[in-house]
Amino acid sequence: MAEARQAARQQDHYSTLPSIRTTMPIRAIIFDLLTALLDSWTLWDKAANNDSAQGYKWRRRYLELTFGCGAYRSYEDLVRAAASDVGLSETAPNFLLEKWDDLQPWPEVKETLDRLKAKGYALGVVSNCSVELGRRALQRCETSPKTFDAFITAEEVGFYKPHPDTYRSILSALNVRPGEAIFVAGSSGDVVGAAAVGMQVVWHNRIGLPALPGSAPLVEARSLDVALKALE
Ligand SMILES: *[C@@H]1O[C@H](CO)[C@@H](O)[C@H](O)[C@H]1NC(C)=O
Ligand SMILES: *[C@@H]1O[C@H](CO)[C@@H](O)[C@H](O)[C@H]1NC(C)=O
């Protein structure tokens with residue numbers, strides 16, 4: 001199984017998708033926001049003087065800081081600290097925060113969300129973000145004010161993912177048990193973190209991030225619709 005996943009990871013798209021194992025019927029789908037639903041990479045790259053190698057380093061550093069930091073610290077401060085750690089000047093985080101409303105969902109996102117909604121799934125989002133930036137980013141993915149049934153930010157929970165309280169808060173906001181939800185991860189920390197609270201995890205690994213030890217997503221794919229095919 002691990003070997004098969006390893007081999008599959010080397011391809012761009014996966015041809016065989018396992019079906020979702022269900023002991024309980026799946027009622028809700030919970031998403032990471034800034035990586036799984038939104039293409040925030042493009043904006044980070046632009047902010048890093050259009051140097052995508054620098055943008056990637058900055059973003060990886062940011063993920064390391066959020067992964068390691070546990071209790072919530074200002075999202076904006078972490079973005080700035082990560083920029084400074086990789087040698088970017090203040091203009092980079094300033095640009096990112098000023099252009100925040102330019103964030104775009106991945107092209108297939110709105111259609112996929114509408115399809116899942118029409119199938120009757122409750123949709124939730126939990127984001128490592130401040131309330132204000134999180135709400136603005138969420139709006140970029142909505143096709144109507146009813147697209148999402150619940151939304152929680154790290155700021156409200158008091159912890160960043162992968163702290164278990166972040167995932168538990170969104171489960172309780174949706175009023176579902178872990179076995180009744182699928183978590184759609186954007187990056188490796190979520191794959192492990194959401195599984196640790198008992199959810200089955202699907203990994204929308206758009207840019208091919210490396211997996212963390214213990215990572216065992218049901219499906220890993222480069223686009224959201226492929227990642228969720230088993231549910232549609
Ligand atoms: C990156 O390029 C875009 C145009 O493609 C430009 O609008 C933007 O200001 C550039 N980024 C920076 C930080 O200069
Ligand atoms: C928040 O942290 C988790 C764990 O490291 C990570 O998986 C996730 O992508 C982060 N989210 C953002 C928006 O950076």
Side-chain angles (χ1 to χ4, degrees), residues 30-106 124-142 148 150-174 183-194 196-197 206-207 209 212:
I30 300 171
F31 299 86
D32 164 70
L33 178 59
L34 296 175
T35 315
L37 294 180
L38 286 165
D39 170 14
S40 41
W41 301 94
T42 297
L43 188 60
W44 285 65
D45 287 354
K46 264 195 201 159
N49 306 309
N50 291 303
D51 177 342
S52 58
Q54 267 300 96
Y56 184 75
K57 266 172 70 182
W58 176 22
R59 191 71 189 281
R60 285 291 299 273
R61 180 66 191 140
Y62 161 81
L63 286 176
E64 283 166 20
L65 290 176
T66 56
F67 191 73
C69 92
Y72 183 81
R73 278 168 53 195
S74 152
Y75 176 83
E76 290 84 344
D77 287 354
L78 285 169
V79 166
R80 291 182 189 284
S84 143
D85 285 358
V86 299
L88 284 165
S89 80
E90 278 184 3
T91 55
N94 289 343
F95 185 99
L96 177 73
L97 299 169
E98 267 161 36
K99 304 276 181 193
W100 191 255
D101 298 308
D102 290 357
L103 283 170
Q104 294 295 333
W106 299 109
V125 172
V126 55
S127 177
N128 270 358
C129 205
S130 59
V131 174
E132 202 231 316
L133 293 180
R135 294 228 164 264
R136 281 160 57 192
L138 190 76
Q139 278 176 5
R140 311 295 300 153
C141 305
E142 287 172 344
F148 297 105
F151 174 58
I152 299 267
T153 60
E155 184 176 24
E156 293 157 284
V157 179
F159 292 99
Y160 278 103
K161 296 182 293 178
H163 192 285
D165 284 1
T166 56
Y167 307 104
R168 288 188 186 127
S169 298
I170 189 71
L171 286 165
S172 79
L174 289 165
F183 190 88
V184 182
S187 62
S188 36
D190 270 338
V191 179
V192 179
V197 304
R206 193 71 175 216
I207 68 158
L209 291 168
L212 285 173

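Everything quoted here is computed from the prediction, not taken from an experiment.
By the side chain to side chain donor-acceptor pair (under 3.5 Å) test, R140 pairs with no residue at all, sequence neighbours left out. Remark: D51 engages no residue in a side chain to side chain donor-acceptor pair (under 3.5 Å) (not counting sequence neighbours). By the side-chain contact (heavy atoms from CB on, under 4.5 Å) test, A150 pairs with I170, A173, L174, sequence neighbours left out. Residues that satisfy the ring-ring contact (aromatic ring centres under 6.0 Å, His included) test with F183, not counting sequence neighbours, are Y167. For F148, there are no ring-ring contact (aromatic ring centres under 6.0 Å, His included) partners at least two apart in sequence or on another chain. Qualifying side-chain contact (heavy atoms from CB on, under 4.5 Å) partners for R206, counting only residues two or more places apart in sequence or in other chains: W106, P107, E108, H204, S223. Every ring-ring contact (aromatic ring centres under 6.0 Å, His included) that W58 has, sequence neighbours left out, goes to W44. Contacts of R136 classified as side chain to side chain donor-acceptor pair (under 3.5 Å), with partners at least two apart in sequence or in another chain: D101, E132. Legend: residues meeting ring-ring contact (aromatic ring centres under 6.0 Å, His included) with F151, ordered by chain and number and at least two apart, are absent. Annotation: side-chain contact (heavy atoms from CB on, under 4.5 Å) contacts of D45 (sequence neighbours excluded): S52. Residues satisfying the salt bridge (Lys or Arg N to Asp or Glu O under 4.0 Å) test with D102, not counting sequence neighbours, are none. Residues passing the side chain to side chain donor-acceptor pair (under 3.5 Å) test with S172: none are found, sequence neighbours excluded.
One N or O on the side chain of N128 and one on the backbone of K161 form a donor-acceptor pair closer than 3.5 Å.
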Handout entry: L212 vs V191, side chain to side chain contact (heavy atoms under 4.5 Å, CB included): CA-CA, chis, key distance, verdict
Key = CA-CA 8 Å; L212 285 173; V191 179; over 6 Å; no
Exercise for the section: Go through the steps to decide whether R80 and S74 satisfy the test side-chain hydrogen bond (donor to acceptor under 3.5 Å, both in side chains), and finish with yes or no. Expected result: CA-CA 10 Å; R80 291 182 189 284; S74 152; over 6 Å; no
Practice task
Under the side chain to side chain contact (heavy atoms under 4.5 Å, CB included) rule, what do T35 and D190 come out as? Steps first, then yes or no, please.
Solution key: CA-CA 10 Å; T35 315; D190 270 338; over 6 Å; no
Exercise for the section: Tell me, with the steps shown, if V157 and Y72 meet side chain to side chain contact (heavy atoms under 4.5 Å, CB included). Expected result: CA-CA 8 Å; V157 179; Y72 183 81; over 6 Å; no
Handout entry: Working for side chain to side chain contact (heavy atoms under 4.5 Å, CB included), residues T153 and Y75
Key = CA-CA 10 Å; T153 60; Y75 176 83; over 6 Å; no
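Using a 4.5 Å cut-off on side-chain heavy atoms (C-beta onward), L34 and L103 make contact. Side-chain contact between R60 and L209 is present, with at least one heavy-atom pair separated by less than 4.5 Å. Side-chain contact check for I152 versus T166: every heavy-atom pair is 4.5 Å or farther apart.
Rounded to the nearest 0.5 angstrom, S89 OG and N49 CG are separated by 6.5 Å. Taking CZ from F159 and CZ from R73, the interatomic distance works out to 14.5 Å, rounded to the nearest 0.5 Å. Expressed to the nearest 0.5 Å, how far OG1 of T42 lies from CG of N50 amounts to 10.5 Å.
Across every non-hydrogen atom of C129 and W100, the tightest pair is SG-CZ2, 4.0 Å. Closest approach of P105 and L38 over heavy atoms only: N-CD2, 3.5 Å. Heavy-atom minimum distance, E76 versus S130: OE2-OG, 3.4 Å. Residues G189 and P162 come closest through the heavy atom pair O-CB, 3.7 Å. Shortest non-hydrogen contact noted between D165 and S169 is O-OG, 2.7 Å. Scanning all heavy atoms of the two residues, the minimum distance from L33 to C141 falls at CD1-SG, 4.0 Å.
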